[in-house]
Amino acid sequence: MSELIEAFNTFIQTPIGAIIWLVARIFAIMVPVLLGVAYLIYAERKVLAAMQLRMGPNVVGPFGLFQPFADALKLMGKETIIPSGANRFIFIAAPMLTFFLSLVSWAVIPFSDKLVLANVNVGVLYLFAVSSLAVYGIIMAGWASNSKYAFLGGLRSAAQMVSYEVSIGLVIINVLLLAGSLNLSDIVRGQTSMWYAIPLFPMFIVFFISGLAETNRAPFDLPEGESELVGGFNVEYSSMSFALFFLGEYANMILMSGMTVILFLGGWLAPFNWQCPIEFLEPLWGIFWFTSKICFMLFMFLWVRATLPRYRYDQLMRLGWKVFLPFSLIYVVGVAGYLVSTGNFPKVGV
Amino acid sequence: MEMTSLYPVASEIFLACAGMLLLLWGATAGEKSTGAITVATGIAFIIAIFMAGHYETAKAVVMGGHVGSNAYVLFIKVLLLLSALASLVLSQHFLKSSKLSRPEYPVLVLFATLGMMLMVSAESLLGLYMGLELQSLTLYVLAAFRRDNAKSSESGLKYFVLGALASGLLLYGISLIYGGSGTILFGMLHEVVTADKPPVELVLGFVFILAAMAFKISAVPFHMWTPDVYEGAPTPVTAFFAAAPKLAGIALLIKLLYGPFHGLLAQSTPIILVLSVASMTLGAFAAIAQSNIKRMMAYSSIGHVGFALVGLVAGGQEGVQATLLYLLIYLPMTLGAFGIILSLRRDGVYLEQISDLAGLSKTRPALAAIMTVFMFSMMGIPPLAGFFSKFYVFLAVVEARYVWLAVLGVCLSVVGAYYYLRIIKIMYFDKQMEGFQRVPGWGVASLLGVTVLFILTLAVKPDWALSITHDAAKALIG
Amino acid sequence: MNAELIPAVLFYLFAGVLVLSAMMVVASRNPVHSVLFLILAFFNAAGLFLLLGAEFAAFILVIVYVGAVAVLFLFVVMMLDIDFEQLRKGAWKSLPVGILVGLVLVSQMVMTAVNWQSLPTAGSSILSPAARHAAATNTQAVGAILYTDYVYPFQIAGLILLVAMIGAIVLTLRDRGGVLRQNINSQITRKASDVVEVRKVQKGAGIS
């Protein structure tokens with residue numbers, strides 16, 4: 001056994017070995033995420049069905065468990081239609097960009113104490129930067145489709161995402177004030193004694209709602225607005241290019257839940273610092289809590305969708321700019337003032 | 001940080017806070033609060049003058065070396081605040097009758113003044129740029145304040161585009177200087193920029209800064225924007241443009257010449273000389289052809305900048321004192337002249353053509369008389385104050401052995417006298433026109449009274465003006 | 001593989017793509033493509049920052065310029081209906097003047113560069129302007145310097161932005177009549193008893 005480990009260690013020291021090891025780790029993150037996306041779509045249909053007293057998918061496989069794969073196969077088998085007058089390159093690049101961006105964020109997400117692909121100093125900024133890019137996929141798709149509906153949907157969603165990003169940024173600053181670090185693992189470790197959702201409960205709510213808007217989910221799904229825009233920025237998309245948008249949207253939901261968990265719900269930390277009852281499974285204890293919290297947040301996403309009607313556009317903008325922005329700004333000042341006056345301001349470097 | 005370390009910028013901090021509070025007030029109370037906010041802004045200016053006089057007399061550099069105070073800066077700041085106050089008084093009636101009375105106007109004037117104060121109190125190139133940009137941005141907005149008027153919008157846009165170019169030149173110059181010297185602080189630059197063989201990148205950088213400053217004070221050949229902007233902007237804004245930013249720009253130029261870049265005087269004096277001669281010449285000749293009185297005032301102000309720069313060509317403490325004296329006298333002269341322009345109304349309409357002045361002496365003899373005083377003073381007729389300002393400038397330049405420049409200056413002021421005399425001729429001898437209205441309100445009236453008193457009495461008792469300009473110049477150079 | 005090779009390769013990759021995409025911003029015929037190339041240029045600039053170890057600057061560049069500023073560019077460009085070819089037609093006429101001015105500027109720069117002789121103070125302060133924060137991460141160093149040494153320019157920059165905002169509002173905001181506005185307060189405080197009236201209806205008489 002130890003010889004094997006040693007051989008492995010020497011192998012990953014070599015350049016080619018290092019690259020292979022890196023790719024393997026990337027796949028180890030990507031595959032579960034994609035599986036999660038597939039079953040999130042399934043879960044959404046099941047949960048919505050349950051809340052509306054329906055059955056949901058139940059034909060393909062036991063309890064309809066193979067439904068996502070059936071859908072994927074169907075989409076892959078269809079023809080990619082590029083509308084006439086569309087800008088070919090951008091039309092095809094947009095869904096790829098969306099899908100790509102929804103996956104690259106996972107590089108800095110810490111799954112447990114040691115388990116993170118890239119433990120960068122400015123992890124929060126990285127996440128924020130990547131999530132602020134997601135708007136490009138949508139706006140490019142809307143423009144390149146050469147269609148009014150798609151363009152309007154793209155504009156709506158871009159305006160919405162840019163607006164809510166501002167309050168998300170301020171909420172993150174609240175967390176950073178408490179944690180004193182931009183490193184995601186340090187932020188989670190800072191919550192050992194108390195999850196930030198407790199002192200920052202209003203910010204937690206703001207972040208969750210802004211997250212709904214940022215991912216274009218109900219009740220903020222006006223970019224899709226099927227009643228007026230037919231389907232929003234992706235009306236003209238079909239087959240695989242549509243599937244990429246679809247996957248990207250759900251991967252973004254999971255990512256947003258992951259961010260909420262890391263920033264507010266203690267990441268991989270078990271509640272009340274419970275120890276793992278079975279020593280053998282100790283390494284999986286953090287991953288278990290991290291995933292179950294993500295699942296909880298995702299359930300909230302679905303629950304909101306099943307419960308609330310869609311916002312009107314001016315209400316959406318009003319909420320973002322006139323309520324959340326000033327509120328979170330005041331909270332930043334309040335938190336900073338409290339920390340300075342009680343002498344708890346995180347001491348960093350210098 | 002000790003509270004006392006903020007004393008050198010006490011008036012600026014006060015004005016910034018006051019501006020933000022007034023803005024909040026205006027935003028919540030709406031347009032009906034404009035009058036009260038204007039009064040409050042005026043009071044804020046007065047308080048700022050007293051704060052500056054109380055806290056900012058000592059020579060100090062604070063806040064990381066970016067800003068400081070001394071007697072020279074204090075002198076300029078007080079003048080700036082007074083001229084801002086005067087232009088607020090001038091604006092009142094015009095804005096109301098032109099339906100421009102919005103609470104943002106006094107707040108913008110306040111921020112522009114703040115920017116100018118920060119500009120002259122800057123002690124680093126970064127602080128300078130910040131102040132300059134605050135001032136410029138506010139002035140662009142003010143120029144376009146009458147947004148439904150195509151000319152006003154055009155003037156704002158023109159000013160903005162050209163002003164942005166000037167800011168670019170300034171930044172480029174600053175970057176060259178930082179690259180060559182490794183510092184942006186005036187104190188450090190004063191030490192490292194020495195006269196013997198200055199590095200070429202410092203000279204080039206300073207030339208860029210000079211070009212940008214020449215743009216801001218509208219010295220020829222960087223004057224192209226001035227007539228259009230002066231004509232298009234609402235008249236009280238034009239009055240403000242002609243007074244405060246000119247003063248701030250020239251004051252900053254003097255500070256740069258004798259502060260951080262005193263080692264480059266040999267290189268910069270010829271440039272100032274060219275700017276000065278070109279501005280005087282253009283100001284004298286181009287104003288003759290104007291029919292719009294605001295355009296005429298624009299060219300007149302270009303000419304005055306040229307005369308003021310003559311003092312800087314002479315250089316030294318006497319030269320700087322002469323320039324400061326020139327500015328001290330130029331401000332009330334210009335503000336007073338604009339006070340007259342803002343009193344010229346017929347049937348509630350403000351007049352802008354020179355020919356509209358015809359017969360003013362019959363219906364409003366007092367206005368015509370006051371205007372005559374201002375025009376004579378601008379010509380430089382003794383014993384009015386305008387004569388003194390030109391006299392001291394030429395005296396300084398003769399002492400500095402530029403006799404030809406003094407002769408040229410006198411000749412050009414004779415040329416310039418033509419268009420000032422033309423106005424007097426139109427007022428007194430042209431065919432009478434009816435229906436000039438009264439001076440709008442006691443504010444403008446009292447401003448006219450104060451300025452004309454200043455122009456008339458300076459000749460009798462010039463000592464105080466000489467002594468304060470002497471002290472200011474000495475604080476900078478001595 | 002040489003350890004120094006990778007940064008060098010990355011540098012030339014980023015710098016090369018940066019220069020190319022910057023050229024394409026000007027050269028491409030479709031304005032939307034221009035903006036997209038501009039975004040690519042921003043990305044490569046961020047990459048260069050990363051190579052320098054300035055991760056904070058790199059991500060702020062992406063967040064602010066790519067995430068916000070360029071989105072607005074894209075908005076405007078997508079909605080404008082401008083024939084850029086038409087605009088460019090006149091440009092060829094002024095080309096000789098442009099070339100002349102450019103030549104003068106280039107010759108000045110060359111002269112300056114050739115005769116460049118930094119003062120002795122320049123070297124040390126330019127190479128490590130933040131020597132006393134060498135141990136901190138660059139986020140901390142930026143914070144420490146920005147909010148102590150440069151707090152004055154920082155505050156003035158805030159004022160400048162405030163003035164820009166006032167200016168934008170003053171010059172563009174118009175109160176149009178006839179716009180229905182939602183008053184949330186009155187919606188929430190509205191009670192059934194204020195607006196609903198229960199009446200006894202007489203048979204065959206109806207309600208007037």
Side-chain angles (χ1 to χ4, degrees), chain B residues 1 9 12-13 16 19-20 23 26-27 62-67 102 104-105 107-108 111-112 114-115 118 122-124 126-127 129-131 133-138 140-142 144-145 147-148 153 156 176 178-183 188 191-194 197-205, chain C residues 98 101-102 104-133 142-177 181:
Chain B
M1 193 161 61
V9 283
E12 281 96 337
I13 293 175
M20 286 185 268
L23 183 68
V62 291
M63 295 190 103
H66 292 289
V67 67
R102 281 187 282 160
E104 291 92 351
Y105 182 84
V107 174
L108 283 173
F111 278 123
L114 176 65
L118 294 172
E123 288 291 338
S124 79
L126 190 57
Y129 175 71
M130 287 302 188
E133 207 54 17
L134 180 59
Q135 178 229 222
S136 313
L137 199 61
T138 323
Y140 306 147
V141 178
L142 281 175
F145 201 75
R147 60 186 188 186
D148 300 317
S153 309
L176 280 174
Y178 180 62
S181 66
T183 181
M188 295 268 285
E191 282 164 27
V192 297
V193 182
T194 45
K197 239 183 149 319
V200 59
E201 70 273 9
L202 290 191
V203 178
L204 191 67
Chain C
V101 173
V104 170
L105 282 178
V106 166
S107 58
Q108 278 179 344
M109 279 188 217
V110 169
M111 274 164 63
T112 314
V114 169
N115 295 318
W116 191 282
Q117 31 167 315
S118 295
L119 292 170
T121 46
S124 60
S125 58
I126 288 177
L127 284 178
S128 63
R132 70 204 148 84
H133 301 295
V142 166
I145 291 174
L146 192 60
Y147 298 122
T148 50
D149 299 359
Y150 291 90
V151 67
Y152 169 75
F154 180 79
Q155 294 286 352
I156 307 303
L159 279 181
I160 292 175
L161 292 178
L162 176 68
V163 165
M165 199 164 79
I166 302 173
I169 293 172
V170 163
L171 297 182
T172 57
L173 183 70
R174 278 161 214 277
D175 269 328
R176 275 176 303 181
R181 288 187 199 284

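Basis for what follows: all heavy atoms, side chains included, without hydrogens, waters or symmetry-related copies. Just so we're clear, the structure is a prediction, and the values are computed from it rather than from any experiment. Lettering of chains follows the sequences in order, A, B, ..., and the numbering in each one begins at 1.
- A search for side-chain contact (heavy atoms from CB on, under 4.5 Å) contacts involving B/Val200 returns C/Asn115, not counting sequence neighbours.
- Proximity of B/Val62 to C/Tyr152: side-chain heavy atoms (C-beta onward) are nowhere separated by under 4.5 Å.
- Only the side chain of B/Leu23 comes within less than 4.5 Å of a heavy atom of chain C; its backbone N, CA, C and O stay farther away.
- Shown here for C/Thr112 and B/Leu204, the closest heavy-atom pair between the two residues is OG1-CD2, 3.0 Å.
- Of all non-hydrogen atoms in B/Ala16 and C/Leu159, the two that sit nearest each other are CB-CD1, 4.1 Å.
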Please tabulate, one pair per line, all N/O donor-acceptor pairs under 3.5 Å involving side-chain atoms of residues 164-174 of chain C, not counting sequence neighbours.
| unit_1 | atom_1 | unit_2 | atom_2 | d |
| --- | --- | --- | --- | --- |
| C/Thr172 | OG1 | C/Ala168 | O | 2.5 |
| C/Arg174 | NH1 | B/Asp148 | OD1 | 3.0 |

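- If you measure heavy-atom distances from B/Leu126 to chain C, the contacts under 4.5 Å come from the side chain alone.
- When side chains are defined from C-beta on, B/His66 does not count as touching C/Val151, because their heavy atoms never get closer than 4.5 Å.
- Looking at C/Leu161, there are no atoms closer than 4.5 Å to chain B (heavy atoms on both sides), in backbone or side chain.
- The shortest non-hydrogen separation linking B/Met130 to C/Pro153 is CE-O, 3.7 Å.
- Here B/Leu134 contributes atom CG and C/Leu162 contributes atom CG; the two are 9.0 Å apart, rounded to the nearest 0.5 Å.
- Once rounded to the nearest 0.5 Å, the distance linking CE of B/Met63 with CD of C/Gln155 reads 7.0 Å.
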